Amino acid sequence: MGGCTMKDHTFFSHSAIPAIFLVVVACTANVSSAEKVDYENDIAPIFEDRCVYCHGEDEQESGLRLDSRPHMMRGGDSGLPALVPGHPEKSYVMNVIQHLDEEMAMPPDDDQLPKEEIEMISRWITEGAEWPGQMDAVLEFESDHWAFQPIVRPDVPALADTGEQYKPGTLLPVDAFLRSRLAEHGLEYSDPADPRLLIRRLAIVLTGLPPTPEETETFVREFAANGDAAYERAVDRLFQSPHFGERWAQHWLDVIRWSETNGSEANLYRKNAWVYRDYVVRSFNEDKPYDQFVQEQIAGDSMGAGEATGYLVAGPHVPAATVGREPTAIRQARADRLDEIMQTVGASVMGVTVGCARCHNHKFDPVSIQDYYSMTAVFQDIEFGSRHPEFSEDHPLRKRGKELWQRIQTQRDKLRDAGGWEENWGAYRELHFPAVTTTAVRIRFKTPNLGLDELEVLGPHGLNRNLADAREGTEVTGFPEEGTDGRNPIERINDGEYGTMAWRTKLDAKKEERPWVEFQFQGPQTVNRLRLSNNREYFYDTDYLNKKPYLPKYQFDMDIMKEDETWQSWAGTWAVNSKLLKNNAERKQTIANIQGLIDQLSEEGPQPSFVGRFVEPVVTHVLLRGSPESPHDEVMPAAPEIFDGDLGLDSSASGPERRREFAKWLTSPEHPLTARVMVNRVWHHVFGSGIVPTTSDFGRAGAPPTHPELLEWLADEFVSPADADNPAWSVKSLLRMLVMSDAFRQSSLPHEEGLKRDAGSALLWRFPPRRVEAEVIRDSILMASGTLDLQIGGRSYRIHNEKATYAQWEVINNHGKETWRRMLYQERMRRVDDQIFTAFDFPDCGQVRAKRPVSTTPLQALNLMNSDFVLEQSDLIAERALRESNDELELAVDRCFELLLDRSSTEAERTACMNIARDGELALVCRALINSNELAFLP
C-alpha cells in the first residue's frame, strides 16, 4: 500500500543458517530458566520453523512479518502490535500462539506450539525482546500517494496558443490550466454559451432556482450591450441572494447524510434537527470561512455555535429503546454510533474512508486500527440525542428567545407574591412556589402509581442547577425505595439521567400508604421550584408520534425542614389547583398567558434540538476486529499518524478540549486533505464531476485527478489567496473564480472531434450538460406557478402522518398549499419515498452521497405527467399565463414557455400547442413542458 518502510534494514537473515544447525538448536532450546533467552539460539529457530514461511520477507499473510522486530512491533492487518517488549500480555503474537481466539489460532490447521516454546517466546518478550542488529530499527508509516503529500502551489502554465508565460489579468488561472491540458489532446474550448442559457445555468448552479422571465430578458439585453460587465453583475447579485445558502446547504447535507429521522427499525423523528440545517444555510450565505465552518461543526459548543454539532450526529443510529438493556447490545450500539461519526468526518472533510480501519488496518491507505480508535477517542463525549444548543448573543433564535423570556418573567412577577403555580414545559412540569431556605425537602404524592425519570429541585441562583442531583452530594430516600418489582429504584430519580430508567411505583390504591421522596442537601439551599418528568429524553429527541410520553398532573404536597429539624408544609399542586385558582379569574388568565408564551418560546426561541448531547468521555481501547467484547490497548485522543495527528492529549482531557484540538489539526493550512477535498467538491457541483471523480475518497482506491496541477493550485489559492483582497477559505471567492472562467461560460453543445477524443467531457472542451436535482425540478415548477414560498429557514414542512413508534411513515400530503416551500425544507426522512421526487434520485440519507446518481426511469415521466402535484401546479401555471396575457390564448401559450423554460416558443411549437390549448387544455401544454429535458437539464 505504499505504506511501511524500515529506516534500518540490517537484521538477522535466517536463510543463511544450515538446516542441520536449526535442528540442533531446536533440540537444545529448553535452556535453564535462569539464563537470559537468546534470540538467535532460542527464538529465531522457532520463528523460522513455524512462522516465517507465511510471515516473512517474501510473503506476509494478514500483512504480518515475523522476521523483523519493527514489523512485529507495528503488527499486521489486525492493527495490534505482535510484539510489545516487556509485555507478553499485550503482544498479539502470544494471543494467537496460545490459541486464545480459535478464529485466529496460529499456526492454522495445526496443533498449538509446544508449551516450552510458548514459554520461551513469553520470557523473551518479558526480558525486552532483544534482537541483535535490529534494536535501533524503526518502522514508520509513510506513503507516496499524491493526496497525502503537502500541497505545493504549481506555476500557472504558459498560454497554449502563444507560448507566453501566464500573467495575472490576461487569463484566469483556471482557464490556463484547462487550455494547456486541452492543447495536449488537440482540443480547445467550445464557443461561448448563448446568454439566455448562460444565465439559467448560472442561476441554478448558484441558487438552485432558475431566473424569472424578467430577469432573463434583462440579462440578455444588458449582455448584448456589455457582456462581461453584465455577467459579473449577475454573479454578484446571485451571490447576495439568500437562496445561495439554501443551494449549497443542500450539497453539504447530502455528503453528511443529514436527515430528520434516525433510520432504524423505528425510524423515529429527530426533534428540531432543522436548526442544524438552518445553521448550514446561514454559514454559506455569510460566506463563513470554511476552516471556521468545519471547526464549529466539531466544537461549536465552545464557539457560540452549538447547533453546528448536529453535523456529528447527522448519520443514522439505533435509539436506546430499540437496543434494549443487554450490556453487550448496549456496548455494540455505542460502538456503531461512534463509527457513524467516523464515517461522517472521514468522508466529508478528510476524503478518507476512515471507517475501513474499524476492524483492521486499512487495506489501501495508511490508516491503522489504532488511528481509527484514537479518532473515536476524540468524540467520546458525543452521544446521539438532543440538548439546548449553545448560541452566540447575536443568534436569531437566542435574540427572539430573550424577548419571550422577558415577557414570561413579567407575567410571573404578577403571580409570585400570591403563592405557587404550575407550568407545563412539555418535557416536564415545573411548580413555582415562594422561595425558602432549607436543608431538606420532602414530596408526598397523593396517587399510588408514579413514573418519574427525574425530580429536580431548583433555586433562584443558577436557573437550571438541580440541587437534588446526587452529584451535588444530595442524598435521596423514600418509599418504595426499590420501586415496582424491585426493578425501578428510587436512586434513578436524582441520577441526572433522563429517559426510560425511572423510579416507578405501583401501590394498592385501597391502602393508605402513598409514595414519598425526601432529599437531604449537603447544607442549606434556597429553593423555589420543582421539575417533574417521566421520559424527558424521549420528549426532547423525537416527535410526531401518536403515543407520546405523557406526564400525568401528579397531585402532591411538599414539606421543608425547619432549623429545629421538624417538617413544615410549604407547597403542593393540590393547593395550587384547588385553593389559589378558585374564583380567581385574573390569576387563571395570567397563568394562561405564561403558558401561551411557553408554547411560543418552544417554536420561536432556543429549544432542545437533535444536535448531539454530551456524556462523560471514557478511556478508549482498540477493539479487536471491531468487537467491544475484545478491548485491547488504551489509545489517546489523536488523528491518524500519517498526517502527524498527535494532539498532545491523554485520556484525562475533557471532551470539548479533545474536539477543539482535533478541529484545529483538521483545518491547519498544512493539512494535505482538507482544502483539496473542499475545492474538489465545489468543482464537482459547478462542472458536474470533480477533478477527483471520487469526491469522498482521495485514497488509493479512489480515482486519480484529471487535472492534478489545477487541483493543487486551487487548494493553495483557497487557503492562501494570491490577491490580498480575497479572504482565505472563502467558498464564494472560490466559486467566483470558477463561474467567471471561460470554461464555465462556454457552450454545452457537442461536436464530433470533442466526442472522439474525450466523450465524457472530463477535459472540459464544452460545459458538460447534466440533469438537475429533484429539488431544482420541484422548485422550478412552483416558481413558474408563482406559488413558491421563499421564506428562509424554520421548521420543515410536513408531508407525513403521525405514527406509532414502530410503524412506518406514510405520506399524506405531498402537494397541498402547506408544502409550497423549497424542497430543502421538506421533512428529510430516511427510507421514505415522497411518492414524487424520490424517483429523481433524491438520497435516502443512509449512505454518504457526495455525488447523486442519475437514473432514467418511466416513473419519472409518470410523476411529472400525472402526479397530484404536477396536475395542480399545471392548472396554476395555465391560470397565471392567461391572467398575465389578458386571456389571449396565443400569448398565454408563449407565456407558459417563458415561465417554465425561460424562452419564447418557436413558431412550430406555438402551432402545435395552440391545437391543444384551443380545446381548453392549456394545463396539458404545461405538463408537456414540465416533462421536457429542457426543464430537467442544466444547459
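Just so it is clear, the values below take in all heavy atoms, side chains as well, and ignore hydrogens, waters and symmetry mates. Note that this is a predicted model, so its numbers are computed, not measured.
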Within-4.5 Å side-chain heavy-atom neighbours: R277 and W274 = yes
When you look at W567 and E565, which way does the side chain to side chain contact (heavy atoms under 4.5 Å, CB included) test go after all the steps?
-> CA-CA 7 Å; W567 292 101; E565 297 189 352; over 6 Å; no
Does T620 use its side chain to pair, donor to acceptor, with the backbone of V635 at less than 3.5 Å?
-> no
Would you confirm whether H432, through its side chain, and R529, through its main-chain N or O, come within 3.5 Å as a donor-acceptor pair?
-> no
Are E260 and R270 close enough for a salt bridge, meaning some N to O gap below 4.0 Å?
-> no
Apply side chain to side chain contact (heavy atoms under 4.5 Å, CB included) to the pair L545 and T805, showing each step before the final yes or no.
-> CA-CA 7 Å; L545 300 179; T805 301; 4.3 Å; yes
Basic-acidic side-chain contact under 4.0 Å: D381, R659 = yes
Output, in order, the C-alpha distance, side-chain angles, deciding distance and verdict of ring pair (Phe, Tyr, Trp, His ring centres under 6.0 Å) for F662 and F379.
-> CA-CA 10 Å; F662 180 83; F379 301 101; 5.5 Å; yes
So, the side chain of S627 versus the backbone of L624: is there a donor-acceptor pair under 3.5 Å, distance only?
-> no
For the pair E604 and R407, find out whether any cationic side-chain nitrogen is under 4.0 Å from an anionic carboxylate oxygen.
-> no
In chain order, what residues pass the salt bridge (charged side-chain N to carboxylate O under 4.0 Å, His left out) check against E265, with sequence neighbours excluded?
-> none
Aromatic plane relationship, Y269 with W809 - under 30° parallel, 30 to 60° tilted, over 60° perpendicular = perpendicular
For the pair D336 and R358, find out whether any cationic side-chain nitrogen is under 4.0 Å from an anionic carboxylate oxygen.
-> yes
To the nearest 0.5 Å, tell me how far L530 CG sits from L431 CG.
-> 5.5 Å
Results of salt bridge (charged side-chain N to carboxylate O under 4.0 Å, His left out) for R334 - residues two or more places apart only = E383
Salt bridge check: are E586 and K414 linked by an N-O gap of less than 4.0 Å?
-> no
Using the ring pair (Phe, Tyr, Trp, His ring centres under 6.0 Å) rule, collect all pairs that involve residues 589-620, keeping only residues at least two apart or in two chains.
-> H317-F610
Can you pull the side-chain hydrogen bond (donor to acceptor under 3.5 Å, both in side chains) pairs that have at least one residue in residues 501-518, sequence neighbours excluded?
-> E518-Q520
Could you tell me whether D413 atom CG has more than 12 heavy atoms of other residues or ligands within 6.0 Å of it?
-> yes
Give a yes-or-no answer on whether the side chains of Q568 and W570 include a donor-acceptor pair shorter than 3.5 Å.
-> no
Does any N or O in the side chain of D453 come within less than 3.5 Å of the main-chain N or O of G499, such that one atom is a donor and the other an acceptor?
-> yes
Enumerate the residue pairs fulfilling ring pair (Phe, Tyr, Trp, His ring centres under 6.0 Å) with a member in residues 436-455, sequence neighbours excluded, ordered by first and then second residue.
-> F445-F556
Could you list all the ring pair (Phe, Tyr, Trp, His ring centres under 6.0 Å) pairs where at least one residue sits in residues 387-407, not counting sequence neighbours?
-> F391-H395, W405-W425
